[in-house]
Amino acid sequence: MLVVSVYRYNPEKDSAPYMQEFNIDTKGADVMVLDVLSMIKEQDNTFAYRRSCREGVCGSDGMNMNGKNGLACITPLSEVVTADKLVIRPLPGLPVIRDLVVDMSLFYKQYERIKPYLLNDTPAPAIERLQAPEDRDKLDGLYECILCACCSTACPSFWWNPDKFVGPSGLLQAYRFLIDSRDTQTRERLSELDDPFSVFRCRGIMNCVSVCPKGLNPTKAIGHIRDMLLRNAT
Amino acid sequence: MKGHRECVRAVNSKRPVNLDLATIKLPLPAYTSILHRITGVILFVGLAFMFWAFDASLESEQSFNAVKETLQEGAFAKFVLWGLLSALAYHVVAGIKHLFMDAGIGETLEGGQLGAKLTLVISVILIVLAGVWVW
């Protein structure tokens with residue numbers, strides 16, 4: 001029998017969040033954490049969490065499972081559970097709307113800030129902007145980010161300065177456009193990031209790398225941005 | 001249907017934030033980074049005492065000998081000195097690790113773990129050596 005302790009908060013009823021325990025019988029199967037959540041919902045249908053694709057593509061069900069952020073849908077119990085105990089809490093550092101549902105506005109604001117789209121001031125060609133295969137290869141390990149916020153909400157620098165530090169996810173995306181051969185605004189993008197907080201709050205502790213469900217490496221991307229900022233400095 | 005008043009209260013309520021650090025698992029590099037910060041603060045405060053001792057030692061030959069004797073004989077003074085040297089050793093080693101990472105070395109998950117472990121091992125060796133030197 002698995003004892004699952006979940007974070008509960010209903011703004012209409014509760015003055016403060018609390019932990020609630022559920023006994024779940026998985027019949028010995030090594031199911032995903034998301035399956036356990038749906039079993040809890042069968043016991044208590046007021047329990048709220050986000051989910052959509054249930055296969056690690058949409059990035060809706062990021063949460064903190066036994067102390068580590070990850071996607072509930074692709075995290076098997078065997079990976080997180082110790083001694084038949086599972087503690088599930090919402091992503092750290094973001095305001096809780098209800099139970100495991102957090103307000104991601106701050107996270108999205110930082111994403112919006114880095115202008116996550118191609119900027120090109122040359123006339124648009126008739127068909128498409130071409131890119132050499134080796135230039136396309138530079139986007140590998142960057143474009144795969146699904147914005148689940150597991151990394152940024154595992155980052156102490158983001159916890160303390162979510163309004164000023166772009167965060168690992170935003171910076172990974174920033175680098176994705178900085179090195180895109182089809183983007184012509186590299187210099188402008190860099191000057192937007194050139195302050196003590198946006199990039200340089202990263203202390204390289206790599207919490208982001210250790211939780212990314214896609215196996216991406218924001219720390220490395222941030223290192224590349226730092227190099228570009230230094231080279232761009234006048 | 002919820003009443004209008006309940007809805008307004010729900011939307012305007014001050015939302016809680018889950019940030020109970022005791023519930024969050026941090027990897028080793030996070031702890032070595034926190035230790036880097038703590039040793040930095042210790043050095044900042046400790047330097048005031050070192051400057052004070054340095055200043056006292058410069059006043060006269062007698063005061064120089066007094067400070068020298070305290071640092072060589074006083075158990076508490078030696079302990080403080082060793083503590084400061086330990087903080088310095090750790091802070092320097094962790095700082096050098098930062099330089100390596102700035103050069104793009106050890107930026108993978110495994111590299112970061114290894115870097116954190118090396119930081120701890122090398123500074124423990126230096127701290128033991130500092131202890132041997134002080135006593």
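The figures that follow rest on heavy atoms only: side chains count, while hydrogens, waters and symmetry mates do not. A note on names: the letters A, B, ... follow the listed sequences, proteins ahead of strands, and every chain is numbered from 1.
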Chemist: Going by heavy atoms in the side chains, are A:Ile205 and B:Pro27 under 4.5 Å from each other?
Modeler: no
Chemist: Measure the spacing between NZ of B:Lys25 and CG of A:Asn64 and express it to the nearest 0.5 Å.
Modeler: 9.0 Å
Chemist: Does any heavy atom of chain B fall under 4.5 Å from the side chain of A:Asp227, the backbone, both, or neither of them?
Modeler: side chain
Chemist: Relative to chain B, which segment of A:Arg89 carries a heavy atom at a distance below 4.5 Å: side chain, backbone, both, or neither?
Modeler: both
Chemist: Is it the side chain or the backbone of A:Asn10 that comes within 4.5 Å of chain B heavy atoms, both, or neither?
Modeler: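 Neither the backbone nor the side chain of A:Asn10 comes within 4.5 Å of chain B.
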Chemist: Could you tell me whether B:Gln72 atom CD has more than 12 heavy atoms of other residues or ligands within 6.0 Å of it?
Modeler: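 More than 12 within 6.0 Å, yes.
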Chemist: Identify which of A:Val209, A:Val211, A:Thr153 forms the greatest number of heavy-atom pairs closer than 4.5 Å to chain B.
Modeler: A:Val209
Chemist: May I ask you to name which of A:Lys68, A:Arg98, A:Met206 has the most heavy-atom pairs under 4.5 Å with chain B?
Modeler: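 Ranked by heavy-atom pairs under 4.5 Å with chain B, first place is A:Met206.
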Chemist: What's the spacing between B:Leu19 CG and A:Leu91 CG if we round to 0.5 Å?
Modeler: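 Reported to 0.5 Å precision, the distance equals 11.5 Å.
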Chemist: Is it the backbone or the side chain of B:Leu21 that comes under 4.5 Å from a heavy atom of chain A, or both, or neither?
Modeler: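 Just its side chain gets close to chain A.
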Chemist: Would you find more than 12 non-hydrogen atoms of other residues, nucleotides or ligands less than 6.0 Å from A:Trp160 atom CH2?
Modeler: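 Yes, because the 6.0 Å sphere around CH2 of A:Trp160 holds more than 12 heavy atoms from other groups.
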Chemist: Take a 6.0 Å sphere around CZ of B:Phe51 and say whether it holds more than 12 heavy atoms from other residues, nucleotides or ligands.
Modeler: no
Chemist: With only heavy atoms counted, which part of A:Asn217 is less than 4.5 Å from chain B, the side chain, the backbone, both or neither?
Modeler: side chain
Chemist: Could you walk me through whether A:Tyr7 and B:Thr23 pass the side-chain contact (heavy atoms from CB on, under 4.5 Å) check?
Modeler: CA-CA 12 Å; A:Tyr7 185 99; B:Thr23 66; over 6 Å; no
Chemist: Please report the shortest heavy-atom distance between B:Met101 and A:Gly204, naming the atom on each side.
Modeler: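 Heavy-atom minimum between the residues: CE-O, 3.5 Å.
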Chemist: Does B:Phe100, at its CZ atom, have more than 12 non-hydrogen atoms belonging to other residues, nucleotides or ligands within less than 6.0 Å?
Modeler: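 Count not over threshold, so no.
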Chemist: Count the heavy atoms of every other residue, nucleotide or ligand shown that sit under 6.0 Å from NZ of A:Lys41, and state whether that count exceeds 12.
Modeler: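 Atom NZ in A:Lys41 is packed in, count exceeds 12.
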Chemist: Counting only heavy atoms not in B:Trp135 (residues, nucleotides, ligands), do more than 12 fall under 6.0 Å from its CH2?
Modeler: yes
Chemist: Top residue by heavy-atom pair count (under 4.5 Å) with chain B, among A:Thr219, A:Ile222, A:Ile97?
Modeler: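 Between A:Thr219, A:Ile222, A:Ile97, the count favours A:Ile97.
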Chemist: I'd like to know whether CD of A:Gln43 has more than 12 heavy-atom contacts from other residues, nucleotides or ligands below 6.0 angstrom.
Modeler: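 Above 12, so yes.
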Chemist: Select one option (side chain, backbone, both, neither) describing which atoms of B:His98 are under 4.5 Å from chain A's heavy atoms.
Modeler: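 Looking at B:His98, just its side chain touches chain A.
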Chemist: Evaluate the criterion side-chain contact (heavy atoms from CB on, under 4.5 Å) for residue pair B:Arg37 and A:Arg203; output intermediate values, then yes/no.
Modeler: CA-CA 11 Å; B:Arg37 184 72 60 94; A:Arg203 302 290 185 231; 3.4 Å; yes
Chemist: More than 12 heavy atoms of other residues, nucleotides or ligands under 6.0 Å from NZ of A:Lys85: yes or no?
Modeler: yes
Chemist: Output the option from B:Pro29, B:Ala22, B:Gly104 having the highest count of non-hydrogen pairs under 4.5 Å with chain A.
Modeler: B:Pro29
Chemist: Which of the residues B:Leu26, B:Val17, B:Ile34, B:Thr32 is involved in the greatest number of heavy-atom pairs with chain A at under 4.5 angstrom?
Modeler: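 Top option by heavy-atom pairs under 4.5 Å: B:Val17.
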Chemist: Any idea which of B:Ala30, B:Pro16, B:Gly112 has the most non-hydrogen atom pairs under 4.5 angstrom with chain A?
Modeler: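 It is B:Pro16.
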Chemist: Side chain, backbone, both or neither: which part of A:Val96 has a heavy atom under 4.5 Å from chain B?
Modeler: both
Chemist: Side chain, backbone, both or neither: which part of B:Thr108 has a non-hydrogen atom closer than 4.5 Å to chain A?
Modeler: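 Its backbone and side chain both get close to chain A.
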Chemist: Could you grab the distance from atom OG of A:Ser210 to atom CG of B:Leu28, nearest 0.5 Å is fine?
Modeler: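 The OG atom of A:Ser210 sits 11.0 Å away from the CG atom of B:Leu28.
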